Amino acid sequence: MESFLNPSQVLKHLKLRKSIIAADFGCGSGGWAIPLAKILEEGKVYAIDILEEPLLALKGRTALEKISNIQTIRSNVESKQ
């Protein structure tokens with residue numbers, strides 16, 4: 001059985017500067033946003049999702065892990081308005 005991608009391992013292979021700004025569309029509870037924020041120590045991650053519950057879970061995780069460079073945004077990115 002194939003395993004899921006490990007975001008931390010995948011992100012290690014990208015040449016990301018610590019000061020860039022990134023967005024995670026459909027972030028859920030932060031499976032990619034949190035590892036990304038840890039790499040972008042001087043940057044910012046916008047974590048965007050349509051559902052409030054996963055965003056609240058992400059906020060809780062960032063508080064526990066003392067991650068301050070993630071901004072959560074509740075939005076429907078598929079909306080035409």
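Counting from 1, the numbers follow the sequence of the chain as shown. Since the structure is predicted, the reported quantities are computational estimates derived from the model, not experimental observations.
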Using a 4.5 Å cut-off on heavy atoms from C-beta on, say whether the side chain of Phe25 contacts that of Asp49.
no
Considering only heavy atoms from C-beta outward, does the side chain of Leu36 approach that of Leu16 to under 4.5 Å?
yes
Would you compute the distance between atom CZ of Arg74 and atom CG of Leu51 and round it to the nearest 0.5 angstrom?
7.0 Å
Note, Arg61 side chain near Ile34 side chain (heavy atom, < 4.5 Å):
yes
Flag the pair Leu40 / Lys18 as yes when at least one side-chain heavy-atom distance between them is below 4.5 Å, and no otherwise.
no
Nearest-0.5 Å distance, CG of residue Leu55 to CD1 of residue Ile73
9.5 Å
Does some side-chain heavy atom of Glu42 sit less than 4.5 Å from a side-chain heavy atom of Arg17?
no
Inter-residue atom distance Asn69.CG - Glu41.CD, 0.5 Å rounding
8.5 Å
Between Ile39 and Leu5, is there shared hydrophobic-cluster membership here, with clusters defined by ILVMFWY side-chain heavy atoms closer than 4.5 Å?
yes
Of all the heavy-atom pairs spanning Ala47 and Ile70, show the shortest one and how long it is.
CB-CG2, 3.9 Å
Check Ile48 against Ser75 and note the closest heavy-atom contact, atom names and distance.
CG2-CB, 4.1 Å
How about Asp24 and Tyr46: do any of their side-chain heavy atoms sit closer than 4.5 Å?
no
Grouping I, L, V, M, F, W and Y whenever their side-chain heavy atoms are under 4.5 Å apart, do Trp32 and Ile21 come out in a common cluster?
no
Give me the atom names and distance for the closest heavy-atom approach of Pro35 to Pro7.
CG-CB, 4.0 Å
Close side-chain approach of Leu58 and Cys27, heavy atoms under 4.5 Å
yes
Does atom CD of Glu78 have more than 12 heavy-atom neighbours from other groups under 6.0 Å away?
no
